[in-house]
Each structure stands twice: as C-alpha cells, then as structure tokens.
There are 2 protein chains.
Amino acid sequence: MAAGASGPRARYREQTRAEIKQIALGQLAEGGTAAVALTRIAKEVGLSGPALYRYFDSRDALLSDLIRDAYADLGAAVDAAARAYPADGTRRARLQTLAAAVRAWAVAEPHRYLLIEGTPVPGYTAPPDTLDGARAVLGPFLACFEGAEPAAAMRPLVQQMAQWAAEDAAVGAWARSGVGAGGEGTALAGAVLTWTQLHGAVGLEVSGQFRGMGHDGGTLLTVQMDALADSFGLDRPSQRPHRPPVL
Amino acid sequence: MAAGASGPRARYREQTRAEIKQIALGQLAEGGTAAVALTRIAKEVGLSGPALYRYFDSRDALLSDLIRDAYADLGAAVDAAARAYPADGTRRARLQTLAAAVRAWAVAEPHRYLLIEGTPVPGYTAPPDTLDGARAVLGPFLACFEGAEPAAAMRPLVQQMAQWAAEDAAVGAWARSGVGAGGEGTALAGAVLTWTQLHGAVGLEVSGQFRGMGHDGGTLLTVQMDALADSFGLDRPSQRPHRPPVL
DNA sequence: TCGCTTCTGTTAGAGACTATAACTAGAGGG
DNA sequence: CCCTCTAGTTATAGTCTCTAACAGAAGCGA
C-alpha cells in the first residue's frame, strides 16, 4: 500500500532511498550505529552532502527506517518459521523452532539485531514503531502457549497479563489471535517471557559477551526455552536425548 | 594499591578526574552516551577544551572509566546484598534477593546500567574489563546453586559448563569459590542463566520497552528467578502466596 | 636556595560530521 | 507548452574530537 509510485519520479525516489539504506547498512555492519554518516553515504552514492536530506529528514530518520526494516525482516523470518512448522507438531517444539529462527536471524545479521534490540543510546530517539515491530515478531509465539498450564511460579505474571488483556481491548484481541479465549493471560505471559529471555540470550551472544565462555549460544537458548516450556507445562518433556545442537 | 597519591599533585589530579567523571555522569543521565561531550564537560568544569586530554586519553577512555566504575558499583551492591543475606536463608530466597539487588541498582541508575549492559554501539570499543566486571557481579550468585539439582532440561548447559570449568583452571577455581567441588558445572550454568535472564528482564525494563505493558518489572524478574530456582531444584517451592511485590 | 624537569594549562587549527540557506537546472504534469 | 515542483548544487554555521606548539608554575633533587 505504501507503494503509491504515482509516477516515474516517485519510483526513482524510492530507488535512491533504497540505495542510501543499503550503503547505510554496509556502514552499520562495519562499525556499528556510530559509523553511519550521511556525508560518507553521500560520497559513496555519488551525491554531495546535503542532497541526502531530500531523501531523509535527518540521520535519525534514516536510522529509524533501518530499524523499521529490521523489525519487518525479523518478523517475516519468524512468520516464515511459524508457517513452515507442521500444524500437528508439539507446542514445545514450535517454541524451540521460533526461538531458533530469531536467533538464526540475529546471528546472521548481528548489526541489524543490535539496531533493534540495542539500547537506545545513539540519539536517544525512541522510535515509536518499536512497539508494533516487537508485537509483530512476538505474535507467532502466542500460539505456542495454547492451552498451557503455567506452573505456580508463573501465576503472578499470568494474573497481571490477564488483567492487562482485560483492560486493553486491542491487546486482548491480539492475544486471542494466538490462543482461544480464556488463555490470554497465559499466552501474553509466555510471549513476554520468551521475548525477555530471547533478548537476554541472543543480545548477549550477538554483542560478543559470551566469547571466551565455555558454552555456545544455541545450547543456552535451547535450554532456556526448554525450561520455559516446562514452566508452562507444554507437552511432555518425555525422553530428551541431550546432544547439544552443532552450531 | 591504585591510590599511590605520591604527592599533592597526584591528589589534585585525582580530584579533577573525579569532577570530570561526575559531570560526565550528569550528561549521561540527561541524554545517554551520545550526550557525553568533552568540550561541554570542559566548559562546565571551567577548563578549556583540550585540557581534558591531560586527564583522559580520549572520550572513549573516559567512557571506559565510567563503565569500570559502574561495574564496581553494581558489584558492590550485589556484594552488600549477599553479605546482608542471612547465612541460614534458603538458596531460593538468596537468588531472589541478589537479583532484586541488581534490578534495584539498575532502576535507580538507568543510564549507568545501560552503559554497562548496553550494546557496544558508541565507538564499538569493547572495554576489556567488561569480563572481569561481569564476573565480579556474578560471583555472589554462584553460591545460590550450592548443591542444586538441575532439571533434565538444564543438562546440556551444565555439561558444557562443567567442561569449561575443567579446561580453564581459573574458571574452575572461581566456580569452586562459590560452591563445593563437583558442583562447578551446575553453579556456572546457574550463574550464566541468571545473568542472561537479568540482562533480558532488567535491560528491557530500564530501556523503557515495557512501558505500556500490563506488568511491572519486579514481578517479571521475580517470576523468572522463581522458575529458574525451580529448574535447579532449589529448596522446596512450598506454598508461595503470590502477591506481586509492590514497587 | 637554585635550577631542572615535569605537569597543567593555554590558544590555534585540522578534520569529520549534522544540518540549514539560497540558488539552479531540468523533468513532469496540466 | 509553460509553470511548478523536485533533485541537485555550493556556501556556511555550528558542534565535536583530537593534535600541535607553546607558556607558566609547581615540585624535587642537589
């Protein structure tokens, strides 16, 4: 819908914007957020300095666009994983699959993941779409908690989430999009916990803080998700042969 | 040892350095890492521009110092909580207490916490003391897992950690400083999981990504730590009345 | 006490970057 | 076919990091 492309001019404009963003991504990959400089982008794209301001209001606007794209991309990856997951699979395995999809995307594009989940340090500009983006990524996780039976330890959070779903109609509807009515609190609690643990595990791994430690990020995440599945009583743990995934 | 203070000159130097750091902390609190500017610090401290380079080699050096201090401070807070915790208390409650101490520090000084756990975006300069700092913060958590009996889901991670402790003598000794011999893998796994989940929960809360969601950070962290304690078989869950902590 | 050394501070300036202002040429649309 | 709006230009202001060259003063040993 955003296309529009009312004429050849708009088309060319979109093309230039895309080129700018691509070069920005390159700089991001090389030196992090701080390395994204409009002047250098301009030089590389063959324009001169201020011309870029025809395409992006400011450096922050460009970064916000990159964040938006990254969220969309990650969301698509999770969505694809959810779509590919067999309908008759266990909820536990679904949770593992989706979590692994997030991690795989993050490991493949560390800089973009840091852009998303990173602390809003650069210009302290909290992009407002962050919430929507996170919600889109998290959506497919809701269904993992269909009919879950959370352990006692989970109760306080489940209660708070149920109340939230009751007070905010949009949130309630969103939660019900993943699980049947009545399970909103559980599903929201599960999704938020998943998000939090993903943020912790993947964020630390991607930012290199696990280097030199005796474990690999995949195992850590698998273990965490497994424990989370236990906490929500997802399926039977049954017999889990524990060979760590070969990364 | 670091004192030295061989003369009045060194004393004055230390004083000026402290003043610079304090002003930098103020700027950090107002606008994040990006807002810390040497020129403005100089203006505020009554010096002129390049004079600051007599006290810090570069802007990054100043930030590294702030990071070092923050780690030390957080470590001290955790240590104090550990020291204040009764020797005959349960390991589960100890875990909750230490985790709450970390969160309390982070909530009280969000900018400094973000400086620590934040992604290395600004200059992409990974300060090498990060590892030591994290280890100091994590140390007191080791003892929470004394004699723990990890659930099946934890096994892969425990195994990896045990191997790590076996291969790296220093790590093994560190782990044994918290728990008796034989429990290294379990303790390390517990500590790393705690760190990861703390990072996730506290980082998201402090960076404001929970705003507008129907839960409070304290409950989320409590629930997570409780589930973690379950996963490691710490004490008896017994009867937990679940009133959420009033924040 | 004298004089050397070292430390602390200064101004000047190079270089990178964001962003605005004023202006120009040309492409599209009515 | 002309008029307008757009995409580009150069010039410029202002901020920031960091280096260079230099000046004054405090400390220290003989």
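Sequence lines set the chain letters: A, B, ... in the order given, protein chains first and strands last, and positions in each chain run from 1.
Distance CZ (R11(B)) to C1' (dT8(C)): 18 Å, rounded to an integer number of Å. One atom, OH of Y55(B), and another, P of dT10(C), lie 9 Å apart when rounded to the nearest Å. Computed from coordinates, the R17(B) CZ to dT8(C) P distance equals 11 Å when rounded to whole Å. Atom-to-atom, CG of D57(B) to P of dT8(C) comes out at 13 Å; the value is rounded to the nearest Å. Atoms CG (L52(B)) and P (dT19(D)) sit 13 Å apart, rounded to a whole Å. Distance NZ (K43(B)) to P (dT15(D)): 7 Å, rounded to an integer number of Å. Rounded to whole Å, the distance from CG on L47(A) to C1' on dT10(D) is 14 Å.
Salt-bridge formation is not detected for the pair D69(A)/R112(A): no Lys NZ or Arg NE/NH1/NH2 atom is positioned less than 4.0 Å from an Asp or Glu carboxylate oxygen. No salt bridge links R135(A) with D132(A); every basic N to acidic carboxylate O contact stays at or beyond 4.0 Å.
A donor atom on one side chain and an acceptor atom on the other are not found under 3.5 Å apart for Q15(A) and E19(A). Under the 3.5 Å distance criterion, with hydrogens and angles disregarded, a donor-acceptor pair is assigned to the side chains of W195(B) and E117(B).
Taking side-chain N and O atoms only, S48(A) has a distance below 4.0 Å to OP1 or OP2 of dT10(D). Residue R9(B) places none of its side-chain N or O atoms closer than 4.0 Å to OP1 or OP2 of dC7(C). Between T39(B) and the phosphate of dT17(D), there is a side-chain N or O to OP1/OP2 separation shorter than 4.0 Å. The phosphate of dT6(D) has neither OP1 nor OP2 within less than 4.0 Å of any side-chain N or O from R13(A). Between R40(A) and the phosphate of dC17(C), there is a side-chain N or O to OP1/OP2 separation shorter than 4.0 Å.
Residue contacts shown for F56(A) are absent, as no nucleic acid heavy atom lies under 4.0 Å away. Within 4.0 Å (heavy atoms only), A51(B) reaches at least one base atom of the nucleic acid. Within 4.0 Å of T16(B), counting heavy atoms only, lies no atom of the nucleic acid at all.
Side-chain proximity of Y53(A) to the nucleotides dT8(C), dC16(D), dT20(C) is greatest for dT20(C). In this structure, the nucleotide among dA19(C), dT19(D), dC16(D) sitting nearest to the side chain of P50(B) is dT19(D). You'll find that the side chain of A37(B) is closest to dC16(D), out of dA19(C), dC16(D), dA7(D).
The residue among Y12(B) and V36(A) whose nearest nucleotide of DNA chain C is located toward the 5' end is Y12(B). Mapping L38(A) and G46(B) onto DNA chain C by nearest heavy atom places G46(B) at the nucleotide closer to the 5' end.
Ring geometry, H215(A) versus F210(A): the interplanar angle exceeds 60°, so the pair is classed perpendicular (tilted spans 30 to 60°).
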